[in-house]
Amino acid sequence: MTTLASGTDTLTRDALTVLQPGFTGTTAPDWLLRRLGEGLASVGLFGRNIASPGQLAALTAQLRAERDDVLVAIDEEGGDVTRLEVRNGSSFPGNHALGAVDDVELTQQVAHELGRRLAACGVNLNWAPSADVNSDPRNPVIGVRSFGADTGLAARHTAAYVTGLQSAGVAACTKHFPGHGDTAVDSHHALPRIDVSAEVLAERELAPFRAAIAAGTRAVMSAHILVPALDPERPATLSHRILTGLLREELGYDGLIVTDGMEMRAIAGTYGIERGSVLAIAAGADAICVGGGLADDATVLRLRDALVGAVRAGELPEVRLAEAADRVRALARWAGAAGRPAESTHDTEIGLHAARRALTVTAAPGLGDPATFKPLTEPPYVAALTPVANIAVGDETPWGVAAELIHLLPGTVTGSFSAGDGPESEAGENAGRAALQAAGPRRIVAVVRDEHRHPWMASALGTLLAARPDTVVVEMGVPQAAPRGALHIATHGAARVCGRAAAEVIAGAVGR
């Protein structure tokens with residue numbers, strides 16, 4: 001059993017217990033092991049901490065050697081947001097692809113297999129799934145991380161995902177409460193505001209969270225968003241009305257409430273992480289997520305001391321901090337009891353199977369029936385029209401179809417084109433001309449990601465298609481723009497398996 005270091009008082013232990021910090025490196029630093037001995041109960045992992053499944057298993061074993069009931073958390077949504085496979089792309093399609101298939105049994109199977117792999121590496125808390133209803137197509141941070149824009153669809157798949165993940169012994173953390181879908185602002189950069197009525201929120205945003213609670217989600221993550229209909233003054237993460245009044249009392253949720261990353265600008269740039277953490281715990285949060293950007297001992301000590309100081313100053317009731325710490329320990333007990341599931345028959349190809357089913361294959365009007373499309377037999381030129389990645393996804397993870405086409409059509413060449421620094425009105429045309437020049441006589445496969453959100457991308461694609469109407473277009477984001485090209489493939493996400501599924505269609509190698 002874990003033996004806490006002597007000399008650590010209850011208040012300090014509780015303050016450490018509610019923190020979920022990150023760190024750098026692929027082994028646990030000494031400071032982290034020391035804090036685990038003093039009461040820290042959770043650790044958050046990111047792509048920088050993971051080199052391979054074997055290394056990750058060794059890392060989690062190292063953490064448990066110091067504290068056997070530690071919660072090891074990760075942001076592993078599958079699809080575009082992957083930490084387990086950050087360098088190669090995910091073996092599982094994300095939520096939008098699963099929503100496009102709309103088979104709840106498949107969603108549950110995918111979540112179970114992903115959870116099984118996490119559990120095998122010693123991870124027992126996943127900051128997933130995203131239950132956000134992506135009602136604003138301009139959304140720069142949710143998009144394909146959502147099951148879709150339909151409330152019922154999002155609700156039933158959120159419940160299936162929670163069930164599948166937790167059947168593998170990994171706690172689900174349903175996010176981002178009370179719903180981050182109806183915004184055109186990324187809370188990593190600023191504080192989004194959602195101006196809809198309480199009635200709309202109840203019918204649309206809250207439905208997937210009700211479904212998750214009914215399915216037994218062990219954790220819920222708050223959103224750094226201002227929702228005036230619920231609280232006109234404070235963002236959800238810091239709002240007693242939202243976390244306690246709505247989530248706890250009205251919706252009847254009694255599990256762990258985790259904050260989104262406190263170093264995100266929506267909080268750090270307004271309240272600061274110390275004040276924000278105190279307000280979050282006072283509002284009803286039980287765990288403070290920090291470490292995506294600030295990942296050092298100094299940050300842990302700053303937050304620990306801010307919480308202890310707030311209790312001693314009478315700004316934070318000690319009983320509220322103790323209650324939060326108790327909920328963290330309760331989840332750790334559940335995770336310990338759940339353990340790793342017994343080995344059973346599992347489908348290691350379930351992710352690819354789901355990605356294939358998620359494809360929507362069409363063609364621009366007047367350019368023929370996609371059923372008559374003749375697969376490419378010669379290596380093409382893949383022009384990736386690349387937007388700036390949002391912070392949740394990151395720019396470390398490769399995406400597209402080129403890597404998969406190279407296997408199927410050796411000699412495939414690829415290039416990446418972006419808006420650059422010039423005026424957007426010129427950027428698209430310039431990118432399109434550059435892609436045409438680079439392609440030469442080769443058949444072009446143009447890969448886009450959320451064409452509808454990027455005017456330069458739409459312009460570049462228009463330039464390509466005007467010169468080369470036989471271009472194949474692959475949309476790996478939310479397919480809001482009208483289909484264009486001799487063949488238009490919507491993958492509903494940019495996971496590695498989504499790229500493979502699209503490449504199989506292009507090369508006529510489905511199922512190979």
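Atoms CG and NE2, on L385 and H454 in that order, are 10.5 Å from each other to the nearest 0.5 Å. A distance of 5.5 Å separates CE of M221 from NZ of K175, quoted to the nearest 0.5 Å. To the nearest 0.5 Å, atoms CD (E113) and CD1 (I350) are separated by 8.5 Å. Note that CD1 of I489 is 12.0 Å distant from SG of C498, once rounded to the nearest 0.5 Å. Atom OG of residue S90 and atom CD of residue E77 lie 10.5 Å apart, to the nearest 0.5 angstrom. Atoms CG and OG1, on L487 and T362 in that order, are 7.5 Å from each other to the nearest 0.5 Å.
A donor-acceptor pair under 3.5 Å links the side-chain atoms of E263 to the main chain of G292, judged by distance alone. Remark: side-chain polar atoms of E475 are paired, donor with acceptor, to backbone N or O of D450 under 3.5 angstrom. Side-chain atoms of N134 come within 3.5 Å of backbone atoms of G143 as a donor-acceptor pair (strictly under, hydrogens ignored). Distance alone, capped at 3.5 Å, is enough to place a donor-acceptor pair between the D296 side chain and the T299 backbone. Under the 3.5 Å distance criterion, the side-chain polar atoms of R117 are matched with a main-chain donor or acceptor of T348. Between the side chain of R496 and the backbone N or O of G79 there is no donor-acceptor pair closer than 3.5 Å. Side chain of T259 to backbone of C289: a donor-acceptor contact under 3.5 angstrom is found. Between the side chain of R87 and the main chain of P398, no donor-acceptor pair closer than 3.5 Å is present. Distance alone, capped at 3.5 Å, places no donor-acceptor pair between the N124 side chain and the V170 backbone. Formation of a donor-acceptor pair under 3.5 Å by the T183 side chain with backbone atoms of H180 is not found in this model.
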task: Tell me, with the steps shown, if T386 and S418 meet side chain to side chain donor-acceptor pair (under 3.5 Å).
output: CA-CA 5 Å; T386 307; S418 64; over 6 Å; no

- prompt: Under the side chain to side chain donor-acceptor pair (under 3.5 Å) criterion, do H157 and D102 qualify, and how do the steps go?
  reply: CA-CA 8 Å; H157 287 278; D102 195 12; 2.7 Å; yes

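Contact check on D80 versus R145 returns no salt bridge, with no Lys/Arg side-chain nitrogen under 4.0 Å from an Asp/Glu carboxylate oxygen. With respect to R356 and E504, a salt bridge is recorded, a charged nitrogen being found less than 4.0 Å from a carboxylate O.
Between F177 and F209, the ring planes are perpendicular. Angles over 60° get that label, and only those under 30° would be called parallel.
The residue from D75, V81, T174 that alone fulfils the side-chain contact (heavy atoms from CB on, under 4.5 Å) condition with W127 is D75.
In this model, no donor atom of one side chain and acceptor atom of the other lie less than 3.5 Å apart for S130 and S146. Side chain to side chain, H176 and D132 meet the donor-acceptor criterion of an N or O pair below 3.5 Å.
For R449 and W399, the positive end sits near the middle of the six-membered ring, less than 6.0 Å away and at most 45° from its axis.
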